[in-house]
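Here the structure comes first, spelled out in structure tokens, and everything after it is commentary.
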Protein chains: 2
Amino acid sequence: MKRYGREEVIVSANSRLTIAAHALTWISLYQRQGHQVATSEQIATSANTNPVVIRRLLGELRKAGLVESRRGVGAGWSLTRELESMTLLDVYEAVEPGSLFAMHRATPDQGCVIGYGIQPAMQRVYEDIEETLRRELARVTLEDVLRDVLAAPR
Amino acid sequence: MKRYGREEVIVSANSRLTIAAHALTWISLYQRQGHQVATSEQIATSANTNPVVIRRLLGELRKAGLVESRRGVGAGWSLTRELESMTLLDVYEAVEPGSLFAMHRATPDQGCVIGYGIQPAMQRVYEDIEETLRRELARVTLEDVLRDVLAAPR
DNA sequence: GCAGTCGTAACAACAAATGTTGCGATCAAG
DNA sequence: CTTGATCGCAACATTTGTTGTTACGACTGC
């Protein structure tokens, strides 16, 4: 008799896009309440993570021109433009480095018909899919996200 | 003066879908050449990986009903149906466990408006995107992939 | 100067994907 | 009914990426 089973719970995948959207909407809401800048400390408390994680992410968003930071006393982060003009695609491209799918780790056998042709074939499929993904992400603005967040039932 | 830089090359993302497509097209081509079954050893050689990796993947495809295996001498793998009737979505669902994006690792501050509403808001966005991804994957059959593979210029 | 906050390096903790070894189970062939 | 080929699967190693944490210098308003 064999003994299998072994339930597994998946916990991975990355939450960068989620956390980045969290940070941006948080900053925006805070600014709408009359504040100038938000600190990584405050955002980290809301997102239940470490301030350095937030600074790292916001640093990438700054490279993409979505936020800016001030240093010194009264330092912190602010948006460079309205949430309406930021899409999830902007955020995604700022914080997600690679592509969704990968090719073989080691080059497949180039002497084999399949090994030779599989990568270009899959590459084309993957490019199409990522293009579609980008189009979908571009359809959602951060303002949409904030509206949705505020609409959550209490 | 600060010293930064630190180029990084991304090498991750998973290749399961790629390897699974490789295996399926390989088996099909081999069967079209008159063979009954393909061994994990042969497929692993073509994909330049370890036979156990192939057996693991094919095991998941078998659960999904796409392939079957025989044991004993003259054992190996064969397709249960034509490549035309298998889509990349079938393969994707068989070998990719989780979802594309993740929520926060730790529950965000439920006392904060953003912390409270962000997860349902993002959840909805992510579900839409994955639905679109599935639609795209469903449009490509393994027969399409094989045709593309064979069309690669030598 | 001082205090508060960013910028960034360095490292620890954790998890997932992949690779590898080992061995029992299975079964066709002889 | 033994033999050899191959799968099934557990166990563990390796590599890589993500997230969390500590530390400390840089910056700047007061």
Side-chain angles (χ1 to χ4, degrees), chain A residues 1-6 8-20 23 36-45 47-63 67-78 95-99 101-106, chain B residues 1-6 8-20 23 36-45 47-63 67-78 95-99 101-106:
Chain A
M1 263 296 139
K2 254 307 133 80
R3 157 120 317 194
Y4 45 77
R6 158 174 156 70
E8 287 192 34
V9 183
I10 310 306
V11 204
S12 88
N14 56 352
S15 55
R16 279 136 108 88
L17 187 56
T18 305
I19 305 291
Q36 294 280 318
V37 298
T39 69
S40 60
E41 176 77 40
Q42 297 170 317
I43 301 167
T45 299
N48 196 2
T49 181
N50 191 291
V52 177
V53 172
I54 299 297
R55 290 206 288 270
R56 275 203 290 242
L57 268 175
L58 288 177
E60 297 179 69
L61 295 179
R62 182 181 44 212
K63 279 187 214 150
V67 300
E68 58 195 7
S69 61
R70 286 213 307 248
R71 304 176 74 169
V73 180
W77 303 83
S78 52
V95 304
E96 292 286 354
S99 46
F101 302 105
M103 289 301 153
H104 312 60
R105 259 200 198 173
Chain B
M1 264 297 142
K2 253 303 132 79
R3 157 120 317 195
Y4 46 79
R6 161 170 154 73
E8 287 191 36
V9 184
I10 310 305
V11 205
S12 86
N14 55 350
S15 55
R16 279 136 111 83
L17 186 57
T18 305
I19 305 291
Q36 294 279 321
V37 298
T39 69
S40 59
E41 176 77 39
Q42 296 170 317
I43 301 168
T45 299
N48 196 3
T49 182
N50 192 293
V52 178
V53 172
I54 299 296
R55 289 206 288 268
R56 276 203 290 242
L57 269 175
L58 288 177
E60 298 178 69
L61 295 179
R62 181 182 43 212
K63 279 187 216 152
V67 300
E68 57 194 9
S69 62
R70 287 212 306 248
R71 305 176 73 170
V73 179
W77 303 83
S78 52
V95 304
E96 293 286 352
S99 46
F101 302 106
M103 290 299 155
H104 312 61
R105 258 200 200 174

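The chains referred to below are lettered A, B, ... by the order of the sequence lines, with proteins before strands, and numbering in each begins at 1.
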Seminar exercise, completed: With the side chain defined as heavy atoms from C-beta on, B/R105 is closest, among C/dT20, C/dT8, D/dT18, to D/dT18
Problem set entry | From C/dT8, C/dG7, C/dA17, nucleotide with atom closest to A/S69 side chain | C/dG7
Exercise. Counting N and O atoms only, with roles assigned by atom type, does the side chain of B/R70 sit under 3.5 Å from a partner on the main chain of B/G76, one being a donor and the other an acceptor?
Worked result: no
Exercise. Separation of A/L17 atom CG from D/dT18 atom C1', in whole Å?
Worked result: 15 Å
For this session: May I have the distance from A/F101 (atom CZ) to C/dT18 (atom P), rounded to whole angstrom?
Result: 13 Å
Problem set entry | Atom-to-atom span, CZ of A/R62 to C1' of C/dG7 - whole angstrom | 8 Å
Exercise. What nucleotide, of C/dC6, D/dC7, C/dA17, holds the atom closest to the side chain of B/N14?
Worked result: C/dA17
Exercise. Does the side chain of B/T49 get closer than 4.0 angstrom to OP1 or OP2 of C/dT18 through an N or O atom?
Worked result: no
Exercise. Nearest-Å distance, CD (B/Q42) to P (D/dT6)?
Worked result: 8 Å
Problem set entry | Spacing of B/T39 atom OG1 and B/R55 atom CZ [to the nearest 0.5 Å] | 9.5 Å
For this session: Whole angstrom is fine here: how far is it from CG in B/L61 over to C1' in D/dG8?
Result: 15 Å
For this session: Whole angstrom is fine here: how far is it from CD in A/E41 over to P in C/dA3?
Result: 18 Å
Exercise. So, for B/H104 and A/T18, which heavy atoms are closest and what is the spacing to 0.1 Å?
Worked result: CE1-CG2, 3.5 Å
Exercise. With a 4.0 Å cut-off on heavy atoms, is B/G59 in touch with a base, just the backbone sugar-phosphate, or nothing at all?
Worked result: nothing
Exercise. Out of D/dT22, C/dG19, D/dT6, which has the shortest distance to the side chain of A/N50?
Worked result: D/dT22
Exercise. B/T49 side chain to B/T45 main-chain N or O, any donor-acceptor pair under 3.5 Å?
Worked result: no
For this session: Give the nucleotide from the list C/dT18, D/dT19, C/dC6 with an atom nearest to the side chain of A/V53.
Result: D/dT19
For this session: Applying side chain to side chain contact (heavy atoms under 4.5 Å, CB included), run through B/W77 and B/L58 and close with a yes or a no.
Result: CA-CA 8 Å; B/W77 303 83; B/L58 288 177; 3.5 Å; yes
Exercise. Do we see a donor-acceptor contact under 3.5 Å between the side chains of B/R105 and A/S15?
Worked result: no
Exercise. For DNA chain D, whose closest nucleotide is more 5', that of A/R55 or that of A/N48?
Worked result: A/N48
Measure all distances between protein nitrogen or oxygen atoms and nitrogen or oxygen atoms of nucleotides 27-30 of chain D, and list the pairs falling under 3.5 Å.
from, atom 1, to, atom 2, distance (Å)
D/dC27, O2, A/G72, N, 3.2
D/dT28, O2, A/V73, N, 3.3

Problem set entry | Protein-nucleotide distance (B/L57, atom CG; D/dC7, atom P), rounded to Å | 14 Å
For this session: Indicate whether OP1 or OP2 belonging to C/dC6 is found under 4.0 Å from a side-chain N or O atom of A/S40.
Result: yes
Exercise. Given C/dA17, C/dT8, C/dT20, which nucleotide is nearest the side-chain atoms of A/V52?
Worked result: C/dT8
Exercise. Does A/R56 make a side-chain donor-acceptor contact with the base of D/dG20, cut-off 3.5 Å?
Worked result: yes
Exercise. Do any N or O atoms from the side chain of B/R62 and from the backbone of B/V67 form a donor-acceptor pair under 3.5 angstrom?
Worked result: no
For this session: Figure out the CD1/P separation between A/I19 and D/dT18, and round it to whole Å.
Result: 14 Å
Exercise. Between A/N50 and A/V52, is there a donor-acceptor pair closer than 3.5 Å when you use the side chain of the first and the backbone of the second?
Worked result: yes
